[in-house]
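Remember, it's 1-based here, ligands and their atoms both numbered in the order they're listed.
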Amino acid sequence: MLIVKKFGGSSVANAERVKNVANRIVESYKEGNDVVVVLSAQGDTTDDLIAKAEEINPNPSKREMDMLLATGEQQSVALMAMAIHALGVPAISLNASQCKIASSSNYGNARIKNINSERIFNELDRKNIVIITGFQGINKFGDVTTLGRGGSDTSAVALAAKLNADLCEIYTDVDGVYTCDPRIVKKARKLKEISYDEMLELASLGAKVLHNRSVELAKKYNVNLVVRSSLTNAEGTIVKEGSAVERMLVNGVAVDKDVSRIAIIGVKNEPGIAFKLFSMLAKAKISVDIILQSIGRDDKKDISFTVASTDLNDALKVMENNKDRFAYEKIDHDDNVAKVSIVGSGMATNAGVAATMFEALYNENINIRMISTSEIKISVLVDKNDADRAANAIHDKFMLESEVR
Ligand code: ASP
Ligand code: MG
């Protein structure tokens, strides 16, 4: 089998863990597999490098930032090759330019466009374990780029797709994907499998197990993906195309506390207002999530929406700067809110899921501020203080702790 194995930063944080991971890699190699390894920077290296840069220039050039950040992954791969050599097994480390991972040019958030697999296959033919830097690419100027925080998952899946690997294993410090964050819901259960679409929703709803784009790519190229622990041998969670029969009504609950609500009150009740407002926010690269518009009264209406808390100030600024265009009465905002969502591909064909969710919240006397739904997801906005209680109540209501429902 050709296997791509990705290890995250915490899995290679220190010498002991690097050696431990090296052992696991060699085990798989000795079983007769062709092994390609993708690594993140060790531990907090990326954060530390960012802090270092800010100490010197609070507004560093993005190109130089990528030159700096890419060094973290390069350290990891060289150290891992050494650890494997120490076990008497041939291995070679390669960076993005050596295995020609071509990316778009936008520094800090580049996308992989193509990978030239020739060098990698040559090294595998020479019986090497091939260890590749995650998170980085090379743009058309020949400069190093990075793929955005957490991007090593995406490197691994892109490589698995390009090499036509039999399996892509993402090793991390949790042993799989859970029905909810176990720190919030004690009864959370590890899922044996989850569909690409559900995983995509969970990833974008704040479950930090997999980089969003890695799941998109896995779906597009039908990559066999497994999330598992680098510290134990526990079976992980398989991410795959969901079959109609297995579709669970609800598979997971996600909690996102980093959201803020903005209300724009007393805008003109005429066509085009929503279009103008949201296209302005889009132009400022601010993504808007739940949207609610009130019924108009006296030629006026209110529009509320949520954004990531990190975008709150920018969003307020955009509206402040365009006060004349909207002639609103006032802007209101609140970051004491949280978004609690349920995800499940069976939802699309089953009525009553939303009612069950709302009943769970009603029983706990939790007030719902906003609601949004999609084919496989329902999100509600609640007070931040109520978020954990809401997640537990919903988790209980749908009996997510038990496999058979
Ligand atoms: N080292 C990068 C980060 O910390 C990429 C990754 O870990 O996937 O975001
Ligand atoms: Mg990660």
message = Is there a polar contact, in the sense of an N or O pair closer than 3.5 Å, between E73 and ligand 1?
response = yes

note = Separation between CG (L292) and CG (L381), nearest 0.5 Å, reads 10.0 Å

ask   = For ligand 1, is there an atom lying under 4.0 Å from some heavy atom of G151?
value = yes

key: H211, portion touching ligand 1 at heavy-atom distance under 4.0 Å   = neither

request  = Taking only heavy atoms of S40 into account, list the atoms of ligand 1 that are under 4.0 Å away from them.
outcome  = 6 (C), 7 (O), 8 (O)

query = Near R149, which atoms of ligand 1 are under 4.0 Å from a heavy atom of that residue?
reply = 3 (C), 4 (O), 9 (O)

ask   = If you measure only the distance, is there a donor-acceptor pair under 3.5 Å linking the side chains of N33 and S28?
value = yes

inquiry  = Please check whether S152 reaches ligand 1 - meaning an N/O of the residue sits under 3.5 Å from an N/O of the ligand, judged on distance alone.
reply    = yes

remark   = side-chain hydrogen bond (donor to acceptor under 3.5 Å, both in side chains) pairs touching residues 368-393, sequence neighbours excluded, are K257-D388, D334-R369, S341-S379, E364-R389, R369-D383, D386-R389

task = Please state whether the rings of F7 and Y171 are parallel, tilted or perpendicular, taking 30° and 60° as the class boundaries.
result = parallel

remark   = ligand 1 to G150, heavy atom cutoff 4.0 Å, flagged ligand atoms 3 (C), 5 (C), 6 (C), 8 (O), 9 (O)

query = By side chain to side chain contact (heavy atoms under 4.5 Å, CB included), which residues pair with A218, not counting sequence neighbours?
reply = V157, Y196, V223, L225

key: Candidates V77, I101, T133 - the one meeting side chain to side chain contact (heavy atoms under 4.5 Å, CB included) with N95   = T133

